[in-house]
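Please read the structure below before turning to the comments.
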Amino acid sequence: MERITVRLPDGSAREYAQGVSLAQIARDAGRSDALVAKANGTLRDLRATLDQDASVELLTFDQPEGREVYWHSSAHLLAQAVKALFPEAKLAIGPPIDDGFYYDIDIGRPFGPEDLERIEARMRELAKRDQPIERVEIPRDEAITMYRQMGEKYKLELLEEIPDARVSFYRQDGFMDMCRGPHLPQTGAIKAIKLLSTSGAYWRGDEHREMLSRIYGITFPRQEQLDEFVHQLEEAKRRDHRRLGKELKLFAFADELGQGLPLWLPRGAMVRRIMENYIVDLELTRGYQHVYTPDLAALKLYKISGHWDYFRESMYPPMQVDGEELVLKPMVCPHHIMIYKQEQRSYRDLPVRIAELGRMYRYERSGTLTGLHRVRSMTLNDAHIFCRPDQVKQEFAAVVNLIQEVYQEFRISDYRLDLSLHDPKDRQYYHQDEELWMTAESLLREALDELRLTSNLVVGGANFYGPKLDVQVRTAAGKVESLSTVQIDFLLPRRFELEYIAEDGKAHRPVIIHRAIISTMERMMAFLIEHFAGDFPLWLAPEQARILPIADRHLEYARQVRDRLAREGLRVEVDQSNERISYKVRQGQIERVPYMLIVGDKEAQSGQVAVRSRASGDLGPMPLDQFLNRIRQEVTSKS
RNA sequence: GCCGCCGUAGCUCAGUGGUAGAGCGCCGCACUUGUAAUGCGGGGGUCAUCGGUUCGAAUCCGAUCGGCGGCUCCA
């Protein structure tokens with residue numbers, strides 16, 4: 001028998017007989033926690049054997065790839081349990097996801113909560129039996145025959161697309177599932193199991209095809225990890241902007257008003273006004289010109305831009321007035337283009353940066369509406385930069401710098417950049433001028449390189465008119481959404497026949513950079529609520545300080561303090577309720593007021609206030625001016 | 001839009017076919033209070049809406065509206 005050499009990442013090497021299993025190697029390395037292995041860069045089952053020299057990396061639940069395999073096997077376990085309880089069930093697909101796994105299944109009826117409990121219980125039983133999970137390869141024809149007999153029509157459809165002569169299956173305890181693998185060595189590795197939810201999901205993500213039942217679940221090697229996960233879910237719920245928005249009276253919805261149409265309550269409107277003033281003032285210092293454009297526009301505007309062709313379904317239907325067809329403004333760019341076209345532009349004028357807090361109305365499908373994240377009426381921090389081709393890179397860089405500056409002030413550091421390019425194979429959505437795409441995309445890439453930014457490439461993520469860079473953040477519910485965006489557009493200038501007169505005296509075509517820094521006010525508000533978990537920093541807090549009189553006889557002094565602070569531009573209220581001080585403090589804490597100023601006999605006599613901070617509690621008495629200095633500094637530094 | 005779950009007082013929720021409940025909030029009275037809940041009393045619901053089954057419906061069935069979790073979509 002030949003000998004082979006196995007090298008481990010720590011540099012150690014060991015000789016084995018040919019045909020040694022990766023599980024054996026894991027045992028010898030004392031790595032009982034290994035779930036799967038990477039041999040010469042390829043992921044393999046631990047049950048797999050080696051017949052030549054290899055460098056082997058043993059992966060555990062702590063590595064993303066190990067977790068993926070763990071959850072993938074968990075999905076198989078789920079399918080096995082479902083098949084045991086519902087033999088007529090037809091299986092579709094069951095992949096791992098960021099947090100757990102799901103399996104799409106067709107049992108001709110939906111799964112109810114009781115079903116989930118039964119399935120979960122069965123999964124535990126099956127895991128406890130600790131059956132080996134084995135890979136088997138069978139000829140494709142055999143697989144087809146088998147699935148045909150079983151009536152597994154979804155598996156058959158998948159099988160049809162596999163060109164290989166042999167297909168791999170994984171078998172555990174009599175249950176077989178077609179799968180590329182790899183998988184855990186045995187089902188017993190799956191310890192803590194929880195099925196989370198069910199939902200409908202279209203077969204192959206196509207809304208014209210069968211609706212399957214999807215079961216989501218999560219598993220862990222240890223119960224404590226599951227408990228921790230559940231705990232985190234609960235914590236996330238407490239940050240949820242919909243909950244805090246209601247509790248803190250920031251915004252609301254009303255059935256009578258309509259779906260997806262938010263009401264900004266006084267406290268939320270205050271935060272919004274601060275955000276708006278902040279961004280508009282900042283943009284004015286960066287050469288943007290702020291404008292206003294109407295909420296209605298002639299449909300032909302969007303026919304020219306092309307948006308009508310692409311987004312008709314999500315625009316409110318046209319209304320006929322005086323022989324004109326009007327739509328609610330679904331987006332701002334054509335309006336700003338009209339402003340650009342108001343004058344003949346010289347190359348010396350460029351770039352022209354037109355900005356607006358643009359209110360838009362989009363008919364989002366009812367099932368997609370979620371709190372302030374997805375609404376039907378929204379106001380975008382929009383701007384369009386009209387520039388010469390040679391200015392694109394520098395303008396793009398300026399926008400990215402602005403984004404970074406703003407994020408620093410909002411204390412946002414957890415985000416990802418997505419670079420979205422067009423997919424040349426998608427001839428339906430993207431215009432066919434490949435040269436235009438090449439130009440736009442290489443400009444974007446070069447600019448990113450020069451900024452030394454790394455981004456995540458999304459092929460096919462571009463707009464119909466051009467590529468873009470999005471700043472992606474995560475919501476409390478764990479979903480990724482874009483906050484900021486910068487988009488390069490060579491197409492709309494052409495469609496609208498935009499021009500500027502260049503040095504050569506001839507008309508040239510400008511480029512448009514579409515950009516949004518703080519997103520829509522709705523989305524930004526939702527994000528900030530969750531980001532700060534309701535504790536807005538002083539500069540954003542709707543109520544910055546509240547004065548709490550100890551007894552009714554201190555009300556007058558309390559009002560004096562309030563008036564003084566209000567004249568200094570602070571947002572401040574007096575708690576006039578007939579309650580004990582500890583109750584008022586509790587109320588103030590619950591309502592997330594950054595500062596509480598307690599005033600009683602001592603303070604009234606000495607002209608002081610006893611300061612309590614939301615974050616650090618009682619700070620003791622201080623003269624009013626000292627308090628003012630403190631918070632002025634805090635507002636300026638946005639801390 | 002599609003699939004599932006849900007809808008009881010301002011809020012959070014209990015109430016599985018037999019006369020609508022609790023806590024908090026709100027209003028009133030008393031206490032005049034020193035850093036996370038003072039006590040007592042009161043008002044408040046056509047049980048989302050409409051229709052059906054039943055002697056009788058918050059409860060069972062259907063439709064509609066709205067919310068939640070997904071799918072699809074997201075200029």
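Reminder, nothing fancy here: chain letters follow the sequence lines and each chain counts from 1. Excluded from the calculations below are hydrogen atoms, water molecules and symmetry mates; all remaining heavy atoms, backbone and side chain alike, are included.
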Between [N] and [X], is there an OP1 or OP2 to side-chain N/O distance shorter than 4.0 Å?
{"X": "A/Tyr202", "N": "B/rG4", "value": "no"}
{"X": "A/Tyr216", "N": "B/rC71", "value": "yes"}
{"X": "A/Arg553", "N": "B/rU33", "value": "yes"}

With sugar-phosphate meaning primed atoms plus P, OP1 and OP2, does [X] contact a base, only sugar-phosphate, or nothing at under 4.0 Å between heavy atoms?
{"X": "A/Gly367", "answer": "base"}
{"X": "A/Asn463", "answer": "sugar-phosphate"}
{"X": "A/Ser582", "answer": "sugar-phosphate"}
{"X": "A/Ala610", "answer": "base"}
{"X": "A/Asp601", "answer": "base"}

Protein-nucleotide distance ([X], atom [atom1]; [N], atom [atom2]), rounded to Å:
{"X": "A/Arg365", "N": "B/rG66", "atom1": "CZ", "atom2": "C1'", "value": "19 Å"}
{"X": "A/Trp203", "N": "B/rG70", "atom1": "CH2", "atom2": "C1'", "value": "18 Å"}
{"X": "A/Asn578", "N": "B/rU32", "atom1": "CG", "atom2": "P", "value": "10 Å"}
{"X": "A/Ile590", "N": "B/rU35", "atom1": "CD1", "atom2": "C1'", "value": "14 Å"}
{"X": "A/Arg243", "N": "B/rC68", "atom1": "CZ", "atom2": "P", "value": "14 Å"}
{"X": "A/Ile547", "N": "B/rU35", "atom1": "CD1", "atom2": "C1'", "value": "16 Å"}
{"X": "A/His373", "N": "B/rG67", "atom1": "NE2", "atom2": "P", "value": "16 Å"}
{"X": "A/Leu233", "N": "B/rC68", "atom1": "CG", "atom2": "P", "value": "17 Å"}

Which value, in whole Å, describes the distance between the [atom1] atoms of nucleotides [N] and [M]?
{"N": "B/rG21", "M": "B/rU35", "atom1": "P", "answer": "40 Å"}
{"N": "B/rG45", "M": "B/rA22", "atom1": "P", "answer": "14 Å"}
{"N": "B/rC27", "M": "B/rU53", "atom1": "P", "answer": "46 Å"}
{"N": "B/rG23", "M": "B/rC3", "atom1": "C1'", "answer": "36 Å"}
{"N": "B/rC6", "M": "B/rU64", "atom1": "C1'", "answer": "16 Å"}
{"N": "B/rC65", "M": "B/rU49", "atom1": "C1'", "answer": "7 Å"}
{"N": "B/rC11", "M": "B/rC26", "atom1": "P", "answer": "14 Å"}
{"N": "B/rA57", "M": "B/rG62", "atom1": "C1'", "answer": "15 Å"}

Please pick, from [options], the nucleotide with the shortest atom-to-atom distance to any side-chain atom of [X].
{"X": "A/Gln259", "options": "B/rG66, B/rC2, B/rU33", "answer": "B/rG66"}
{"X": "A/Arg214", "options": "B/rA36, B/rU33, B/rC71", "answer": "B/rC71"}
{"X": "A/Tyr465", "options": "B/rU33, B/rA36, B/rA75", "answer": "B/rA75"}
{"X": "A/Thr198", "options": "B/rA75, B/rA37, B/rG4", "answer": "B/rG4"}
{"X": "A/Thr368", "options": "B/rU33, B/rG69, B/rU72", "answer": "B/rU72"}
{"X": "A/Asp618", "options": "B/rU35, B/rU32, B/rA36", "answer": "B/rU35"}
{"X": "A/Lys479", "options": "B/rA37, B/rU32, B/rG70", "answer": "B/rG70"}
{"X": "A/Arg612", "options": "B/rA75, B/rA36, B/rG1", "answer": "B/rA36"}
{"X": "A/Lys246", "options": "B/rG1, B/rG70, B/rU12", "answer": "B/rU12"}
{"X": "A/Ile598", "options": "B/rG1, B/rG34, B/rA36", "answer": "B/rG34"}

Find the partner of [N]: check Watson-Crick (N1-N3 plus N6-O4 or O6-N4) and G-U wobble (N1-O2, O6-N3) distances, both under 3.5 Å, and reply none if neither fits.
{"N": "B/rG56", "value": "none"}
{"N": "B/rG43", "value": "none"}
{"N": "B/rU38", "value": "B/rA30"}
{"N": "B/rG21", "value": "B/rC13"}
{"N": "B/rC71", "value": "B/rG1"}
{"N": "B/rU64", "value": "B/rA48"}

### Query
How far does CG of A/Leu498 sit from CG of A/Asp489, to the nearest 0.5 angstrom?
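It comes to 9.0 Å.
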Do [Y] and [X] meet the salt-bridge criterion of a basic N to acidic O distance under 4.0 Å?
{"X": "A/Arg592", "Y": "A/Asp535", "answer": "yes"}
{"X": "A/Glu481", "Y": "A/Arg416", "answer": "no"}
{"X": "A/Arg239", "Y": "A/Glu235", "answer": "no"}

When you measure only distances, ignoring hydrogens and angles, does the side chain of [X] come within 3.5 Å of the base of [N] through a donor and an acceptor?
{"X": "A/Arg362", "N": "B/rC74", "answer": "no"}
{"X": "A/Ser314", "N": "B/rA75", "answer": "yes"}
{"X": "A/Glu603", "N": "B/rG34", "answer": "yes"}
{"X": "A/Arg374", "N": "B/rC73", "answer": "yes"}

Positive for side chain to side chain contact (heavy atoms under 4.5 Å, CB included) with [X], one of [options]:
{"X": "A/Arg515", "options": "A/Val400, A/Leu402, A/Leu469", "answer": "A/Leu402"}
{"X": "A/Glu364", "options": "A/Val375, A/Thr370, A/Leu369", "answer": "A/Leu369"}
{"X": "A/Arg546", "options": "A/Val574, A/Asp575, A/Val585", "answer": "A/Asp575"}

### Query
Does atom CD of A/Gln432 have more than 12 heavy-atom neighbours from other groups under 6.0 Å away?
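Yes, CD of A/Gln432 has more than 12 neighbouring heavy atoms, counting only those of other groups under 6.0 Å.
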### Query
Should we count CZ of A/Arg427 as having more than 12 external heavy atoms under 6.0 Å?
no
### Task
Please indicate yes or no: is the ring centre of A/Phe311 less than 5.5 Å from the centre of the six-membered base ring of B/rA75, with the two planes inclined by under 30 degrees?
yes
### Summary
On RNA chain B, more 5' by nearest nucleotide between A/Glu579 and A/His514 is A/Glu579
### Which residue lies more 5' along RNA chain B, comparing A/Ser199 with A/Arg523 via nearest heavy atoms
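With A/Ser199 and A/Arg523 compared, the 5'-side residue is A/Ser199.
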### Message
side-chain hydrogen bond (donor to acceptor under 3.5 Å, both in side chains), that's the test. Do A/Glu283 and A/Asn381 meet it? Break it down for me.
### Response
CA-CA 10 Å; A/Glu283 283 169 352; A/Asn381 164 224; 2.9 Å; yes
